[in-house]
Amino acid sequence: MENLPVEVIGNILSHLSSARDVVIASLTCKKWREAWRCNLHTLSFDSRDWSIYHELTPTRLEILITQTIFQTKALQCLMISMDDVHEFSAAPVIAWLMYTRDSLRRLHFNVRTSPVFNIIEKCGRQKLEVLALARNCITGVEPSYQKFPCLKSLSLSFVSISALDLSLLLTACPRLETLSMVSPEIAMSDSQASMELSSFSLKEFSVESFGLDKFVLEADLLEHLHLKDCTFEVFELIGKGTLKVLKVDDVSVIHLDIGENTENLEIVDVSNFTIMWPKFYHMISKATKLCRLRLWGVVFDDDDEVVDLETISVCFPQLIHLSLSYDLRDGVLNYGLQGLSLLVNVAVLELGWTSINDLFAIWVGGILERCPNLKKLVIYGFVSEVKTHEECQIFAKFTEFIIQIGRKYTDVKVEFEYE
């Protein structure tokens, strides 16, 4: 151990991440203390790592963090996440950011401060590649001098920012590839009913717990779009057909437009969503490269709309992974067994129910017959606490059916996920 270069020791300490563990390990010997001071590049203060964080007063905790950070000289990644444990004074927090601004490449910052200050004015911008902010406020963005020339990933959780400042912030990040927003507090002017964001470098965009009348995203290179727990009247993506992954989870939207050029789509994952199938199908029908399709808890806007396996197998011949939830309404089964086309490339099949009946086993068996090259079957189910005799009989028949499936399809691995 004595022959290890201090750079290697610094690497070892950086992989510990947790500030408490790093400090303890640095006491090994003089050489390790030197590595901590000069070669440590990652440091994390997380209230979940050490219960004592909850017992210290804010002032004592500020002193502890200050002493630890100020003994390092080359931090590249700083993570401070105190959730709702304490509210810190702004002065020491600004001191941490100013001390590390020349070397920092990644900053994960979840700290409440009093008074609130504009963090992008204090953190180092020239080398920063990843910026994750939570419970902060961003105001007065000036892209002419507040540029982030190297920033590739931006995450905003419970951050307060105006629509104009958010747009200007994206302008100040010419190399931004990933933008993630969770419960953002977007201040809109009285005259605004919509928000437009534009980035010519963005490849991944996700937004969670957000609502707006109209949201327009212009991103020529976007490959990954994820909407979760959102409410929009209109969501429109303006791009150049580079989208590969579309995920929509628990979203209410009247008009969803991802553009006409969907040939590059590889993954479509839709759950807990009410859709007009003809419009949605028109959007994704050109996705001949689609290899993964998930339709889970999907409600069709028109009672007459039914999606059958024939449509899926003909339109998406490259499917490898298929996930469908069982839905029987008024005697009509979504994802019915009409037609004869096979899902020849499907290797993983996920099927589930929220309300089971005798037809579920028949439905599962019919889909299995369509998948001649299947390797894995996963059954998802919801099991209520109180069982009627009829429900017990249904489960007994289904168990018998699964035993038969195991005997018939010996090459298929079967798994169960119940809740």
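Computed from a predicted structure; not experimentally measured. Below, all heavy atoms of this structure are taken into account, side chains as well, without hydrogens, waters or symmetry copies.
Ring planes of Phe360 and Trp363: tilted class, angle from 30 to 60°. Taking the six-membered ring where the residue is Trp, Phe395 and Tyr418 present perpendicular rings, their angle passing 60° and hence far from 30°. Ring planes of Phe205 and Phe235: parallel class, angle under 30° (limits at 30 and 60°).
Residues satisfying the side chain to side chain donor-acceptor pair (under 3.5 Å) criterion with Trp36, sequence neighbours excluded, are absent altogether.
Val116 is not listed as a side-chain neighbour of Asn136, based on a closest heavy-atom distance of 4.5 Å or more. Ile9 is not listed as a side-chain neighbour of Asn39, based on a closest heavy-atom distance of 4.5 Å or more. Side-chain contact between Val130 and His108 is present, with at least one heavy-atom pair separated by less than 4.5 Å. Residues Leu133 and Ile138 meet the side-chain proximity criterion, which asks for heavy atoms closer than 4.5 Å. Arg20 has its side chain out of reach of Ile52: every pair of non-hydrogen atoms, C-beta onward, lies at least 4.5 Å apart. A 4.5 Å side-chain heavy-atom check between Leu377 and Leu351 finds at least one atom pair inside the cut-off. Proximity of Phe210 to Pro184: side-chain heavy atoms (C-beta onward) are separated by under 4.5 Å at one or more points. Put simply, the side chain of Phe117 reaches to within 4.5 Å of the side chain of Leu97, judged on heavy atoms.
Here the shortest heavy-atom pairing between Leu176 and Ser201 reads O-OG, 2.6 Å. Leu61 approaches Phe88 most closely through the heavy-atom pair CD2-CZ, 3.6 Å.
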What verdict does the salt bridge (Lys or Arg N to Asp or Glu O under 4.0 Å) test give for Asp269 and Lys247, after you've listed the backbone C-alpha separation in whole Å, the side-chain angles of each residue and the deciding distance to 0.1 Å?
CA-CA 5 Å; Asp269 187 333; Lys247 293 186 177 182; 5.0 Å; no

Going through the distances and angles, do Trp353 and Phe398 end up as a ring-ring contact (aromatic ring centres under 6.0 Å, His included)?
CA-CA 12 Å; Trp353 79 82; Phe398 181 68; 5.7 Å; yes

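At distances below 3.5 Å, at least one donor-acceptor pair connects side-chain atoms of Asp165 with backbone N or O atoms of Val141. Judged purely by atom type and a 3.5 angstrom limit, Lys127 has no side-chain atom pairing as donor or acceptor with the backbone of Gln76. Side chain of Ser325 to backbone of Gly297: a donor-acceptor contact under 3.5 angstrom is found.
Side-chain contact, Ser252 with Thr231: no donor N or O sits under 3.5 Å from an acceptor N or O. Looking at Lys240 and Asn261, their side chains never bring a donor and an acceptor atom within 3.5 Å of each other.
Using a 4.0 Å cut-off between charged nitrogen and carboxylate oxygen, Glu129 and Arg105 count as a salt-bridge pair.
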